[in-house]
Amino acid sequence: DVKVTQSSRYLVKRTGEKVFLECVQDMDHENMFWYRQDPGLGLRLIYFSYDVKMKEKGDIPEGYSVSREKKERFSLILESASTNQTSMYLCASSPLGRRKSEAFFGQGTRLTVV
Amino acid sequence: AQTVTQSQPEMSVQEAETVTLSCTYDTSESNYYLFWYKQPPSRQMILVIRQEAYKQQNATENRFSVNFQKAAKSFSLKISDSQLGDTAMYFCAFMKPRGGSEKLVFGKGTKLTVNP
C-alpha cells in the first residue's frame, strides 16, 4: 500500500520559531509537493521538487524554504514562524511523467503559530 | 501559468440523486492531465478520477464520470446515485507532464453535502 507520511498531525509553535515539517514517501516518486490549505482558498502550492536537491517555487513561497537531500524525504521549513502561517499543510508525491500519473497525499499537518 | 477555477463553493444533493460539479481551466498546452480529488472530513485526499487530454473519451469510475470539453477547457464531475459517503470537499486539478517540473495546480474546491 502506497504511503505518504507527514511527521506530525498537529503542531503548535511560537512566533519567531524555526519550524520543520517532514514528509516521507515510500513509492520511489520523483515529484514531491508542499501545499497549504486554507478555507476558501483551496490548495496553494508552496514549493515542489522533481529530483534530489532540485526545487521550484510555487505560488506562495515567501517565508518558506525546502530541502530534499534524499529522494524519499521532502522537508518544509518556516524560517521564522508567523501567525499568518497558521494553516493546514499537505505533502504529496507523484511519479514523473507516466501515463498513470497521480498524486498521493499525506494526512496533513495542522500548524498553529501563537 | 495554468489556473483552475471551480465556480461552486458549496453544493448539496439528496441521497441517490445525481450532481455535477464544475471546473474550468486555462492553459495554452495541448497535452496535460486533469484530476478530481476528494477530501472527506477525515482529511486524507484521494484521487477520484483522471483524464488525459489526448483522450477524447470521457473517463468513468463506477458512479463517477467526467464531461471533458477540451475546446471549452471544461472538466465537470458527475456523481450518480449519490451516497452519504460522498460528502466531502472536491478539488479539480491540472498537471502538465514534461519530464521534470510537473507542477500540480488545484482549484479552490467545492464542498459537497449529501443529505439523507
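These numbers come from a predicted model, not from an experiment. Proteins come first, then strands; the chains are lettered A, B, ... in the order of their sequence lines, and each starts at number 1.
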Part of [X] within contact of chain B (heavy atom distance under 4.5 Å):
X	answer
A:Met88	side chain
A:Ser94	side chain
A:Asp59	side chain

> Side chain of A:Tyr35, backbone of B:Val105: donor and acceptor closer than 3.5 Å?
Replying inline: no
>> Main chain of B:Arg50, side chain of A:Glu102: is a donor-acceptor contact present, judged purely on distance under 3.5 Å?
In response: no
Hydrophobic clusters here meaning ILVMFWY residues chained together by side-chain heavy-atom distances under 4.5 Å, can you tell me if [X] and [Y] are in one?
X	Y	value
B:Phe64	B:Leu34	yes
A:Phe33	A:Val66	no
A:Phe104	B:Phe94	no
B:Tyr37	A:Phe48	yes

>> Taking side chain as everything from C-beta outward and backbone as N, CA, C, O, which of these in B:Gln39 sits under 4.5 Å from a heavy atom of chain A? Side chain, backbone, both or neither.
In response: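 Looking at B:Gln39, just its side chain touches chain A.
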> Relative to chain A, which segment of B:Met89 carries a heavy atom at a distance below 4.5 Å: side chain, backbone, both, or neither?
Replying inline: neither
> Do A:Leu43 and B:Lys108 come within less than 4.5 Å of each other through their side chains, counting heavy atoms only?
Replying inline: no
> If we only count heavy atoms from C-beta on, is the B:Phe91 to A:Gln37 side-chain gap below 4.5 Å?
Replying inline: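 In short, these two side chains touch, coming nearer than 4.5 Å.
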Neighbour count above 12 (heavy atom, 6.0 Å) for [X] [atom1]:
X	atom1	value
A:Asn84	CG	yes
B:Lys78	NZ	no
B:Lys111	NZ	no

> Can you list the residues that meet the salt bridge (charged side-chain N to carboxylate O under 4.0 Å, His left out) rule with B:Arg63, with sequence neighbours excluded?
Replying inline: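 Counting only residues at least two positions away or on another chain, B:Arg63 forms a salt bridge (charged side-chain N to carboxylate O under 4.0 Å, His left out) with B:Asp86.
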> Do you know the tightest heavy-atom contact between B:Leu104 and A:Leu45?
Replying inline: O-CD2, 4.5 Å
> Could you give the distance from CZ (B:Phe106) to CG (A:Leu41), rounded to the nearest 0.5 Å?
Replying inline: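 The CZ atom of B:Phe106 sits 15.0 Å away from the CG atom of A:Leu41.
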